[in-house]
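Working notes, beginning with the structure itself.
One-based numbering along the sequence shown. The structure displayed is predicted, hence computed values, not measured ones.
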Amino acid sequence: MASWEKLTAAVPPVPSLQAQVAAMTAWQAALARRELPAEPLPRLGITPADYLAGRLAGATDASLRRLDALLRNFRQYIAYHYGMWSFVSQALAKRWTAAFGPQRYLEVAAGNGYLSAALHAAGNAVTTTDPQSWVGENVTGRTPLVPVTQAGATAALWRYGAQVDAVVMAWSPDHEPNDAHFLQVMRAAFPQLQLFVIGERFGATNSRLFWQLARFVPDRRLLAVNQALPRFDAINERVYLLH
């Protein structure tokens, strides 16, 4: 794998492209320091106008294609190297806490705990859990930012559900139906808890059965929260509130 410096070296003097690469570099540098990125990413990718400006600035067609591939595959790069799937930032956690107030959270399927770390830094109490079943396959869960208790989502809910105000689940795999069972248990045994889910509805995250069973809470506060989770690539991840 080429170094980050080599990947981002040949950026033409086009302000929109330089701004995208600068934002990506800030994210990569923060994660390399085991810190949360401060701000969300802009939309990534070369538009027809960017392409024309790049060609006028002397960039070759091949170099612009390589740069476009880097921009559009940034999520995969970060997931591979740092185990981050949901692109949470400090700004998102601050907006979230301002909207819903400091709460006691249980995060299930936390991976490296990026969301837990962000919510904790914003003033929330967070209990972080993960089954750690991915540790042998990739970097997810190998270097958590916060202490993580090994437990599946439903087991964690039974263990900690009475001690928290809300549960968060970010980027649950789209091929495992366990999330639907978890949702049913939570609805039956812990109806007082809020459930925040970060993912793409009927897309990259969570099982189809989960989304079919989901009951969405139409809370206007989510509009403000999701402003800090703007779409930057082909995946439209959102923060949802379910019951």
Side-chain angles (χ1 to χ4, degrees), residues 40-41 74-76 78-80 82-89 92-93 96 100 105-119 126-135 137-141 144 148-161 164 166-191 193-219 221-223 225-226 228-243:
L41 288 163
F74 185 61
R75 185 187 295 274
Q76 289 83 351
I78 292 298
Y80 178 84
Y82 302 104
M84 172 180 267
W85 298 87
S86 179
F87 274 54
V88 298
S89 64
L92 173 65
W96 187 324
F100 291 94
Y105 286 97
L106 166 65
E107 184 177 9
V108 299
N112 282 334
Y114 289 109
L115 179 57
S116 286
L119 289 172
V126 187
T127 300
T128 310
T129 66
D130 188 86
Q132 298 182 332
S133 57
W134 294 89
V135 173
E137 299 182 29
N138 55 46
V139 298
T140 303
V148 178
T149 299
Q150 184 174 5
T154 302
L157 182 61
W158 284 115
R159 189 182 306 179
Y160 300 110
V164 299
V167 178
V168 290
M169 172 187 284
W171 273 73
S172 180
D174 63 351
H175 57 274
E176 296 182 4
N178 295 335
D179 56 359
H181 175 67
F182 166 82
L183 180 61
Q184 291 173 314
V185 170
M186 184 169 177
R187 189 175 289 160
F190 301 92
L193 297 181
Q194 296 173 307
L195 174 59
F196 293 91
V197 174
I198 301 181
E200 184 181 39
R201 186 179 180 185
F202 290 114
T205 75
N206 298 88
S207 67
R208 186 169 186 83
L209 179 59
F210 176 89
W211 292 119
Q212 290 172 340
L213 294 173
R215 301 171 187 167
F216 297 91
V217 178
D219 194 314
R221 291 174 291 181
L222 291 172
L223 297 175
V225 174
N226 278 307
L229 191 66
R231 184 171 183 172
F232 70 89
D233 63 5
I235 295 175
N236 187 26
E237 62 177 320
R238 300 279 82 194
V239 181
Y240 296 100
L241 180 58
L242 307 183
H243 64 80

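Here the side chain of Asp219 pairs a donor or acceptor atom with the backbone of Arg221 at under 3.5 angstrom. With hydrogens and angles ignored, the 3.5 Å screen pairs a side-chain donor or acceptor of Trp211 with a backbone N or O of Thr205. In this structure, Arg231 contributes its side chain and Ala234 its backbone to a donor-acceptor pair below 3.5 Å. Asn206 places no side-chain N or O within 3.5 Å of a backbone atom of Asp179 that could act as its donor or acceptor partner. Proximity of a side-chain donor or acceptor of Arg208 to a complementary backbone N or O of Phe202 within less than 3.5 Å is not detected. Between the Thr128 side chain and the Thr149 main chain, no donor and acceptor come within less than 3.5 Å of each other.
Residues Pro40 and Ala228 share a closest heavy-atom pair of CB-O, 3.6 Å. Across all non-hydrogen atoms, the minimal contact from Phe100 to Leu222 is CZ-CD2, 4.0 Å. Smallest separation of non-hydrogen atoms from Pro131 and Gly152: CB-CA, 4.1 Å. Across Glu107 and Gly113, no two heavy atoms sit closer than the pair OE1-CA, 4.4 Å.
The distance from atom CZ of Phe74 to atom CG of Asp233, rounded to the nearest 0.5 Å, is 10.5 Å. Put simply, CG on Asn178 and OG on Ser172 are 8.0 Å apart, with the number rounded to the nearest 0.5 Å. Of the inter-residue distances, the one linking Leu209 atom CG with Glu176 atom CD reads 13.5 Å to the nearest 0.5 angstrom. Residue Ser116 holds its OG atom at 9.5 Å from CG of Asp130, rounded to the nearest 0.5 Å. Note that the CZ atom of Arg187 and the NE2 atom of His243 stand 7.5 Å from one another [nearest 0.5 Å]. Atoms OG1 and CG, from Thr129 and Leu106 in turn, are 5.0 Å apart once rounded to the nearest 0.5 Å.
The shortest distance between side-chain heavy atoms of Leu157 and Val108 does not fall below 4.5 Å. For the pair Leu241/Phe216, no side-chain contact is recorded, criterion being any heavy-atom separation below 4.5 Å from C-beta on. Within the 4.5 Å cutoff, the side chain of Tyr105 has no heavy atoms near those of the Leu115 side chain. With contacts defined as side-chain heavy-atom distances shorter than 4.5 Å, the pair Val167/Phe182 qualifies. Between Leu183 and Phe210 there is a side-chain heavy-atom pair separated by less than 4.5 Å. Between Gln76 and Tyr80, the closest side-chain pair of non-hydrogen atoms is not below 4.5 Å. In this structure, Trp85 and Glu237 have side chains that are not in contact, with every pair of non-hydrogen atoms separated by 4.5 Å or more.
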Please list every donor-acceptor pair under 3.5 Å in which a side-chain atom of residues 193-201 meets a protein atom from a residue at least two apart or in another chain.
residue	atom	partner	partner atom	Å
Gln194	OE1	Gln103	NE2	3.0
Glu200	OE1	Ala204	N	2.8
Glu200	OE2	Asn236	N	3.1

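Aromatic pair Phe190/Trp158: centroids less than 6.0 angstrom apart.
Scanning for side-chain hydrogen bond (donor to acceptor under 3.5 Å, both in side chains) contacts around Asn226 gives an empty result, with sequence neighbours left out.
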Could you give me the CA-CA distance, side-chain angles and deciding distance for Tyr114 and Trp171, then say whether side-chain hydrogen bond (donor to acceptor under 3.5 Å, both in side chains) is met? CA-CA 12 Å; Tyr114 289 109; Trp171 273 73; over 6 Å; no

